[in-house]
Amino acid sequence: MTTTFITGANKFLGYETARRLIEAGHTVIVGARDLQRGQEAADALGARFVQIDVTDDASVAAAADDIGAREGGIDVLINNAGVFGTHHPADQITAADAREVFEVNVVGTVRVTHAFLPLLRKSASPVIVNVSSGMGSFALTHDAERAEGRAIAPLYTASKAAVTMLTTQYAKSWPDVKVNAADPGYTATDFNGHSGPQTVTEGTDVIVELATIGADGPTGTFRDRHGELAW
């Protein structure tokens with residue numbers, strides 16, 4: 001049975017991904033920073049909860065130790081935890097604002113991936129899915145016909161561009177691990193005040209697809225629910 005660990009899985013995209021993967025037969029471990037919300041989500045899903053704060057070395061190490069002791073290893077890691085950050089105009093963005101966003105979206109992805117890679121390598125077919133965004137695509141953010149081309153969010157877009165680049169570099173570095181980036185698309189979540197036209201189920205289509213690839217599946221790709229995206 002495939003064992004999957006998802007960060008930020010107590011709500012929206014993370015929660016729906018967990019629900020769908022459980023439905024598909026995965027053993028899912030729900031990761032979340034908030035103890036009460038995480039446990040409530042896991043109980044509702046019929047999953048196990050492990051507390052994790054992706055900005056804290058000790059918390060991430062403890063989560064990896066917990067899963068290593070209980071499950072022995074994992075087959076799929078989904079780096080879903082993320083923040084949008086400030087909505088301030090660009091000329092009001094501070095270094096502290098940048099640090100907050102990059103610490104979760106970029107450094108958190110590195111921190112969790114580093115800690116869980118030994119557990120992944122116990123799998124016969126290890127998979128990492130990094131939840132990125134089309135807002136981190138140079139091509140899409142320069143296309144005025146797309147929502148990404150009309151949005152201005154310097155820190156979020158820059159952080160997601162970094163996540164996508166990390167994905168390609170990890171994929172090149174680790175031929176034994178399938179590493180891909182997922183763009184959920186413009187999905188109704190608290191990130192956008194639930195203004196997105198897609199449902200969370202539609203938003204998780206690509207995450208679920210990449211989490212369930214086989215040993216002959218792709219690596220180093222950037223995809224949404226319709227296919228590969230331009231970088």
Side-chain angles (χ1 to χ4, degrees), residues 4-21 26 28-33 38 41 52-55 60 74-85 101-114 116 120 126-137 140 148 151 153 155-171 177-192 196 198-213 217-229 231:
T4 299
F5 179 56
I6 309 172
T7 65
N10 62 299
K11 60 182 180 178
F12 300 121
L13 292 171
Y15 184 93
E16 179 66 3
T17 299
R19 185 193 68 78
R20 293 181 66 181
L21 289 177
H26 286 217
V28 172
I29 305 163
V30 168
R33 180 175 58 182
I52 185 169
D53 180 348
V54 303
T55 69
V60 172
I74 61 173
D75 302 287
V76 181
L77 170 65
I78 302 178
N79 284 310
N80 172 71
V83 296
F84 189 84
V101 174
F102 276 75
E103 184 64 35
V104 177
N105 295 359
V106 184
V107 181
T109 296
V110 173
R111 183 179 283 115
V112 173
T113 301
H114 174 75
F116 279 82
L120 280 163
V127 170
I128 298 173
V129 181
N130 292 326
V131 179
S132 187
S133 172
M135 290 180 69
S137 161
L140 300 188
E148 295 91 343
L155 299 180
Y156 182 75
T157 55
S159 72
K160 289 303 185 179
V163 169
T164 307
M165 182 58 77
L166 274 173
T167 300
T168 67
Q169 293 297 303
Y170 282 157
V177 183
K178 305 295 185 185
V179 191
N180 293 285
D183 168 28
Y186 193 8
T187 302
T189 70
D190 55 354
F191 270 29
N192 53 50
Q198 287 188 162
T199 66
V200 288
T201 300
E202 291 171 326
T204 57
D205 280 349
V206 68
I207 305 173
V208 171
E209 175 189 351
L210 291 172
T212 54
I213 59 173
T219 191
T221 67
F222 179 33
R223 304 177 64 87
D224 69 4
R225 63 195 294 257
H226 303 294
E228 288 204 41
L229 291 171
W231 302 98

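In this structure, OG1 in Thr55 is found 6.5 Å from CZ in Arg111, a value given to the nearest 0.5 Å. Atom CD1 in Ile78 sits 10.5 Å away from atom CZ in Phe5 (nearest 0.5 Å). Summarising the geometry, atom CH2 belonging to Trp231 is positioned 9.0 Å from atom OG belonging to Ser137; distances are rounded to the nearest 0.5 Å. We find the CD-OG1 distance between Glu16 and Thr199 to be 7.5 Å, quoted to the nearest 0.5 Å. Between Asn79 atom CG and Asn130 atom CG the span is 5.0 Å, to the nearest 0.5 Å. Taking CE from Met165 and CZ from Phe222, the interatomic distance works out to 11.5 Å, rounded to the nearest 0.5 Å.
The closest side-chain heavy-atom distance from Val131 to Pro184 is below 4.5 Å. Side-chain contact check for Thr4 versus Ile29: every heavy-atom pair is 4.5 Å or farther apart. Counting only heavy atoms from C-beta outward, the side chains of Leu120 and Asp75 never approach each other to under 4.5 Å. Two residues are said to be in side-chain contact when any heavy atoms from C-beta on lie closer than 4.5 Å; Val110 and Tyr170 meet this criterion.
Of the candidates Thr164, Thr168, Thr219, Thr221, Asn180 forms a side-chain hydrogen bond (donor to acceptor under 3.5 Å, both in side chains) with just one, namely Thr221.
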Subject >> Step-by-step side chain to side chain contact (heavy atoms under 4.5 Å, CB included) determination, Val127 to Leu210 >> reply: CA-CA 8 Å; Val127 170; Leu210 291 172; 5.9 Å; no
**OP:** Apply side chain to side chain contact (heavy atoms under 4.5 Å, CB included) to Val112 and Ile52, showing your working.
**Re:** CA-CA 9 Å; Val112 173; Ile52 185 169; 4.2 Å; yes
Original post:
So Lys160 and Glu148, salt bridge (Lys or Arg N to Asp or Glu O under 4.0 Å) or not? Walk me through it.
Top reply: CA-CA 12 Å; Lys160 289 303 185 179; Glu148 295 91 343; over 6 Å; no
**OP:** Show your reasoning for whether side chain to side chain contact (heavy atoms under 4.5 Å, CB included) applies to Asp183 and Val206.
**Re:** CA-CA 7 Å; Asp183 168 28; Val206 68; 5.7 Å; no
Original post:
Yes or no on side chain to side chain contact (heavy atoms under 4.5 Å, CB included) for Arg20 and Asp205, after CA distance, side-chain angles and deciding distance?
Top reply: CA-CA 9 Å; Arg20 293 181 66 181; Asp205 280 349; 2.8 Å; yes
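When atom types are taken as modelled, the side chain of Asn10 and the backbone of Gly38 share no donor-acceptor pair closer than 3.5 angstrom. Using modelled atom types, one side-chain atom of Asn80 and one backbone atom of Thr7 make a donor-acceptor pair closer than 3.5 Å. A side-chain donor-acceptor contact under 3.5 Å links Lys178 to the backbone of Gly217. A side-chain donor-acceptor contact under 3.5 Å links Thr212 to the backbone of Glu209.
Every residue meeting the side chain to side chain donor-acceptor pair (under 3.5 Å) condition with Asn105, not counting sequence neighbours, appears here in chain and number order: Ser159.
For the pair Ala41 and Ala9, the tightest heavy-atom approach, listed with the atom from each and the gap, is CB-O, 4.4 Å. When all heavy atoms of Pro218 and Ile213 are compared, the pair lying nearest together is O-CD1, 3.5 Å. Here the closest non-hydrogen pair linking Thr204 and Leu13 is CG2-O, 3.4 Å. When all heavy atoms of Gly134 and Leu140 are compared, the closest pair comes out as O-CB, 3.7 Å.
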